[in-house]
Amino acid sequence: MNETSLNISIREVTKKYDQFYALKDVSLEIKSGEFMTLLGPSGSGKTTLLMVLAGFTNPDYGSVKFGDEEVILKPPHLRGIGMVFQNYALFPHMTVEQNVGYPQKLRGVSAAETKRSVEEALNTVKLEGLGHRGINELSGGQRQRVALARAIVFKPKILLMDEPLSALDKKLREEMQIELRQLHDTLNMTTVYVTHDQKEALTMSDRITVINHGELMQLGTPNEIYEHPNNHFIADFIGESSLLPVAIRDGKASLNGEKIVMAEKAEKDGDYLLVVRPEKAFLADKKVKGSNYFSGKLIDSIFQGESQLLVVKLNSNDDGQEVRVRVPNESVTQKALPEVGQTVSIGLKVADSYVVS
Ligand code: ADP
Ligand code: MG
């Protein structure tokens with residue numbers, strides 16, 4: 001038994017607003033001590049699911065268990081969870097210390113123990129010495145840390161966070177992603193983290209649950225979700241990809257009438273989409289076995305620092321289908337890149353060639 005965390009079991013949770021399903025039959029198991037991210041576009045139901053876990057929203061149907069205990073009828077303050085809201089929800093008229101100590105006060109913890117736990121929480125989030133500051137005297141990043149300290153001050157076994165980094169600028173946000181993950185590894189509480197940012201989800205999570213229109217679309221490790229998306233929505237939403245129409249007839253795949261070879265045989269004939277990740281596609285000067293090749297015209301070439309992004313319009317393609325190819329900026333001695341307007345050949349290894357529907 002791990003005493004610092006609890007597993008969460010969500011069964012068949014449905015939440016309707018009039019005829020609209022904010023959540024539709026969502027079931028998932030979150031392991032004890034796991035960092036689970038709920039990822040989906042705006043309006044997909046992420047906050048609703050988090051609020052069902054916290055107890056602020058009652059589902060119309062379904063069950064939520066923390067460990068062996070059914071909590072669906074328990075009010076939020078009895079669920080023993082730490083929570084970081086999207087807007088931090090700090091008390092502006094209180095000091096940092098008072099904000100962080102607030103949950104302890106509510107729980108009737110002694111003044112001495114509150115003082116000790118507040119100091120510990122402030123140390124954990126690297127705000128030691130700032131306890132007497134007013135909230136208005138803090139930067140956005142510091143406020144975010146105060147909200148986090150308040151959520152962990154009573155050492156909850158479950159920590160819920162709703163887009164906690166969305167108000168921060170990119171550089172700070174990326175630093176905080178690493179820091180929050182390290183904090184989780186230190187404290188080891190089960191963490192449910194909501195974001196609409198796929199890169200953030202890939203960076204931080206043990207596993208990701210992708211939600212769209214209130215439904216669970218795919219659950220897996222960052223690697224599984226990225227390398228084996230279940231469908232075109234996920235292939236498009238997670239990472240970059242060009243999706244090219246592929247027809248499979250009598251088990252044979254073709255793109256614009258030309259034969260291509262897939263990593264795995266499709267289960268049945270039909271129309272699919274080939275997922276081309278820009279970093280897996282490459283410029284090919286000669287064709288060797290083991291890869292598929294597409295020829296087209298280079299229509300754009302963009303320097304992005306660590307890589308060059310090439311946009312290629314495929315030949316023999318009525319829709320003007322584009323493929324993106326990312327060439328790493330590996331060395332100054334690397335071969336010259338083609339010029340815009342040139343015809344180029346793009347390769348994609350058979351092992352990297354898969355379709356989604
Ligand atoms: P997300 O956090 O993924 O952006 P939400 O869970 O906040 O999405 O919302 C999911 C859907 O449910 C949205 O379409 C939203 O408008 C709707 N919704 C959320 N709360 C309410 C409410 N109290 N009344 C009516 N509709 C709501
Ligand atoms: Mg939300």
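Just the heavy atoms: all of them, side chains too, but no hydrogens, waters or symmetry mates, feed the values below. Each ligand, and each atom within it, is numbered from 1 in the order the structure gives. Remember, it's a predicted structure, so these values are computed and weren't measured experimentally.
- Distances below 4.0 Å separate heavy atoms of Ala22 from the following atoms of ligand 1: 12 (O).
- Shown here, atom 21 (C) of ligand 1 is in close reach of the protein: a heavy atom of it lies under 4.0 Å off.
- Closest to atom 2 (O) of ligand 1, if we only count protein heavy atoms, is Thr47 OG1, 2.8 Å.
- A donor-acceptor contact shorter than 3.5 Å links the side chain of Arg249 to the backbone of Gly270.
- Distance from atom 9 (O) of ligand 1 to its nearest protein heavy atom, with residue and atom name: Thr48 OG1, 3.7 Å.
- In terms of protein heavy-atom proximity, atom 13 (C) of ligand 1 is nearest to Gly43 O, 3.8 Å.
- For atom 16 (O) of ligand 1, no protein heavy-atom neighbour is present inside the 4.0 Å cut-off.
- In terms of protein heavy-atom proximity, atom 23 (N) of ligand 1 is nearest to Tyr17 CE2, 3.5 Å.
- By the 30° and 60° cut-offs, the orientation of the rings of His228 relative to Tyr354 is tilted.
- A donor-acceptor contact under 3.5 angstrom links the side chains of Asn292 and Ser353, judged on distance only.
- For the residue pair Ser27 / Glu12, no side-chain donor-acceptor distance below 3.5 Å is found, with atom types taken as modelled.
- Put simply, part of Pro41 is less than 4.0 Å from ligand 1, judged by heavy atoms.
- The closest approach between a heavy atom of Gly40 and any atom of ligand 1 is not below 4.0 Å.
- The closest side-chain donor-acceptor pair between Gln304 and Arg326 falls under 3.5 angstrom.
- Ring geometry, Tyr293 versus Phe282: the interplanar angle exceeds 60°, so the pair is classed perpendicular (tilted spans 30 to 60°).
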